[in-house]
Amino acid sequence: MVPEDIKKSINQLREQINYHNYRYYALDEPEISDAEYDRLLRELIRLEEKHPELVTPDSPTHRIGAAPSEKFTTVKHQERMYSLENAMDEKELDEWYERLLKSAGEIGKNTGRPELVAEPKIDGAAVEIVYQNGIFTVGSTRGDGVTGEDVTLNLKTIKSIPLKLISRNVGIPERLDVRGEVYMEKEKFNELNRRQIKTGQEPFANPRNAAAGSLRQLDPKITTARPLDIMIHGLGSVQGKLFATHSESLDYISKLGLKTVKFLQVCNNLSEVKKYYQNLLGKRDEVPYEIDGIVIKVNDLELQKRLGVRTRTPRWAIAYKFPAREETTQLLDIQVQVGRTGALTPVAILKPVRVGGVEVSRATLHNQDEIERLGLKIGDWVAIKRAGDVIPKIIKVITGKPRGKKNFTMPGICPVCHAPIVLAPDEVIPRCPNIACPAQIKGTLQHFASREAMDIEGLGEKIIDQLVDKKLVLDPSELYKLNLEDLLTLERMGEKLAENILASIEKSRRPIPARFIYALGIRHVGEATAVILAEAFGSMDKLKQATKEKLENFYEIGPVVAESIYNFFHNVNNKEIIDRLKKFGVEYQPVSKKPAGPLTGLTFVFTGELAKFTRSEAKRLVQEQGGKIASAVSKKVTYLVAGAEPSSKLEQAKKSGIKTISEEEFLKMIEK
């Protein structure tokens, strides 16, 4: 029996990682550092490996990133684009190498140590470009690894990408999918930021964010004005050409006119890789673009294929990260921010210092426990680290410098509305209970208007701040009372922008059911749970009337989530807001019940790696044909579909008498 605190930790980690995936991949506005994200993901991987019975098909460990933005059409990659396992120190690199040698030996490739290739890890945006008979036909972002956003027109603005490959007596294959990183050189990035500031626009946080944001502009003219470049570092699908090694493939495609990754080195052993790492680390600041480590790959492509992949990373490659950039500065103050759920978070106010080419004046502190763990006092000198991140982190107090005198404790009242703070028995984060708190209102409106919710374009943070400060909008329903005159009272608001915002608000009056439920901001209800609720209840009236017991009966909704949903709809203020939204014509239409399909009444659990489907594809197929998906083995499960390297779910199913079928049998069932 898995302890409840382990289950809770896993669920919290998944929620955090999904949220940060959304901030990073969909909004290009990350809130935590790469190192902090890696820590969350590694902890989730560790817990899931220890408790495989808790692994779910939609766990972030099965994903590469977030879903593509709905502003672009999607492109399915012919071969999946995987992310890389990270080695944060030499010990983790050695462990990876030992696993590599063991795997190579097990598949009969133990006639020597495999040749490796080392190359810089460029800190940019991953893309794939498809050439058909030498002609650039489509370009896409990595997206979730299976499908990405179609950014063909934007990629075509990058002058280093040939629209037609050059044949230099090497022949052009029928299809060539190349993969690389779109980036900005550091000096060009600084020049871009100087232009941004001069024209009254916000500067970009770092070159990676600038590159990713430029690549995802709807207007290619904006992308054209940005100094983007690209380095190709690998291949996807290739038809009409064979290669023996990775280094040979890059040499070949460079002859076709593509810009390939520089400083590549073939290494005979791990010792040579480590020397390459140290050499490049010493030259890091001399490289004209940001690099945050090196990538190590098995050079033999046939061996790569035979080694295969794990759930989300290839076994034949790893990223060996550089140490996070660190600087020393003074802690001037600690201020408390209030989020949309009322959560109070302390933020360090720092004496401005440049870290990794970006001026830093704030750092996250998470909670009071973190402050006490660090032993922080206001006035201390601290070490902060940043590896291309937006929000840096304090890692330690510098004890050799004069210490601060003032201790910090979390306030007993909300710093925004002055309501008394509450702390639930099972939580460590204090909260403001006042739902009319301006800080919560702003956060609620930002969530309500976000792309994954009501998708109200143009209604960004600065505009929402003004709307709340001027008391023009104090809850989501009041967005639908806004008129042109209201918006024109805001700073930097032109008539065209105001008209566009009003048009987007008008468009949102008939939302997709699941999006509307998600937009309400019910605690513990993410996008997936919102879909379940929309399908289960069909209308808002039925959902509002649901009891805790009825809510708990639905797949993936446990007691905590059920209580949160129930409490939300029984809160007087929330009920009034929903009623006002309905009055303004904002309510999703009743969901028509899906006709029975061939899998109606059947519930499936998946374990192991599937060859023909991703987990999300298999799940969608089951749901489209009337079936249900479960995350764990129970008496409600009809079939367990077992792929390669199944988890302990297979044994559990056998003991429970649940029928186990192969992927081939599942495919035949779907086809029928």
**Item:** Exercise: identify the closest heavy-atom pair between Pro314 and Val309
**Value:** CA-CG1, 3.7 Å

**Prompt:** Got more than 12 heavy atoms from elsewhere within 6.0 Å of NZ, Lys186?
**Reply:** yes

**Request:** Taking Tyr252 for its side chain and Ser247 for its backbone only, find out whether a donor-acceptor pair lies under 3.5 Å.
**Result:** no

**Prompt:** How would you list, by chain and number, every residue that makes a side chain to side chain donor-acceptor pair (under 3.5 Å) with Glu187, sequence neighbours excluded?
**Reply:** Arg194

**Item:** Donor-acceptor side-chain pairing of Ser140 and Asp150 below 3.5 angstrom
**Value:** no

**Asked** Backbone N or O of Val641 within a donor-acceptor pair of the Glu663 side chain at under 3.5 Å?
**Response** no

**Asked** Is there a donor-acceptor pair closer than 3.5 Å between any side-chain N or O of Asp177 and the backbone N or O of Val130?
**Response** no

**Request:** Specify the closest pair of heavy atoms between Thr223 and Ser214, including all atoms of both residues, with the distance to one decimal.
**Result:** OG1-O, 2.9 Å

**Fill in**
Closest heavy-atom pair, Gly171 versus Leu256, reported as atoms and distance to 0.1 Å, is O-CD2, 4.1 Å

**Message:** Applying ring-ring contact (aromatic ring centres under 6.0 Å, His included) to Phe606 and Phe666, what does each step give before you reach the verdict?
**Reply:** CA-CA 10 Å; Phe606 291 87; Phe666 170 69; 5.3 Å; yes

**Request:** List the steps and the verdict of salt bridge (charged side-chain N to carboxylate O under 4.0 Å, His left out) for Glu286 and Lys283.
**Result:** CA-CA 5 Å; Glu286 298 172 22; Lys283 296 178 180 178; over 6 Å; no

**Prompt:** Is Lys241 atom NZ crowded by more than 12 heavy atoms from other residues, nucleotides or ligands, each under 6.0 Å away?
**Reply:** yes

**Item:** Main-chain N/O of Ala244 paired to Glu248 side chain as donor or acceptor, under 3.5 Å
**Value:** yes

**Prompt:** Closest approach of Ser160 and Lys259, non-hydrogen atoms and distance?
**Reply:** CB-CD, 4.2 Å

**Message:** Is any side-chain heavy atom of Lys274 closer than 4.5 Å to one of Ser271?
**Reply:** no

**Asked** Thinking salt bridges, do Lys649 and Glu53 make one under a 4.0 Å N-O criterion?
**Response** no

**Asked** Counting only heavy atoms not in Lys159, do more than 12 fall under 6.0 Å of its NZ?
**Response** no

**Side-chain ion pair, Arg46 and Glu43, N-O less than 4.0 Å** = yes

**Request:** Go through the steps to decide whether Ser237 and Gln78 satisfy the test side chain to side chain donor-acceptor pair (under 3.5 Å), and finish with yes or no.
**Result:** CA-CA 6 Å; Ser237 177; Gln78 195 157 91; 2.6 Å; yes

**Item:** Proximity of Phe189 and Tyr289 rings by center, below 6.0 Å
**Value:** no

**Prompt:** When Arg42 is tested against each of Glu92, Glu49, Glu48 for salt bridge (charged side-chain N to carboxylate O under 4.0 Å, His left out), which residue passes?
**Reply:** Glu92

**Item:** Whether Asp229 side chain and Ile158 backbone form a donor-acceptor pair below 3.5 Å
**Value:** no

**Asked** Does the side chain of Glu128 pick up a donor-acceptor pair with the side chain of His77 at under 3.5 Å?
**Response** yes

